[in-house]
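Below is one structure, written out as structure tokens; comments come after it.
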Amino acid sequence: MPSTSIRKAEYNPATRTLSVWFVASGSRYDYEGVPPETYARFRQAFSKGRFFNAFIRGRFGYKLVEKGGLGRYDAR
């Protein structure tokens, strides 16, 4: 089932980094030190947003990698 809050997620097992793109903001955050088992459970979760809030948010360090935005334009 597609998530209404998480647009996309990718995992790098070498660095244990979970990259998450959010629907509402369009922003990408990288969560560091996420164990492979947690990522596997996240992928299998019926509700990605609920799993994220319960087991990832607030438990791992993170950084904003890419700020999203709708309707951006270059005013020259």
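Values below: every heavy atom of this structure, side chains too, minus hydrogens, waters and symmetry copies. Residue numbers start at 1 and run along the sequence shown. Everything numeric in this text was worked out from a predicted model, so none of it was measured.
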Whether Lys67 side chain and Leu64 backbone form a donor-acceptor pair below 3.5 Å: no
Distance-only donor-acceptor check, side chains Ser19 and Asp30, under 3.5 Å: yes
Qualifying salt bridge (Lys or Arg N to Asp or Glu O under 4.0 Å) pairs, either residue in residues 9-25, two or more places apart: Lys8-Glu10
CG-NZ distance between Asn53 and Lys48, expressed to the nearest 0.5 angstrom: 13.5 Å
Nearest non-hydrogen partners of Gly33 and Phe60, listed with the distance: O-CE2, 3.3 Å
Full working for side-chain contact (heavy atoms from CB on, under 4.5 Å) between Phe51 and Ile56: CA-CA 7 Å; Phe51 185 91; Ile56 297 172; 4.1 Å; yes
Closest non-hydrogen atom pair between Leu18 and Ala9, with its separation: CD1-CB, 4.3 Å
Flag if over 12 foreign heavy atoms under 6.0 Å of OH, Tyr11: yes
All ring pair (Phe, Tyr, Trp, His ring centres under 6.0 Å) counterparts of Phe52, not counting sequence neighbours: Phe22, Tyr31
Any pair counted as salt bridge (Lys or Arg N to Asp or Glu O under 4.0 Å), so long as it reaches residues 50-66, sequence neighbours left out: Glu32-Lys63
Where Gly49 and Ser5 come nearest, the two heavy atoms and their spacing: CA-OG, 3.6 Å
Minimum-distance pair of heavy atoms, taken over all atoms of Ser3 and Val23: O-CG2, 4.4 Å
Stepwise side-chain contact (heavy atoms from CB on, under 4.5 Å) check, Thr38 with Phe42: CA-CA 6 Å; Thr38 301; Phe42 171 75; 5.5 Å; no
same_hphob_cluster(Tyr29, Phe55) at 4.5 Å side-chain heavy-atom cutoff: yes
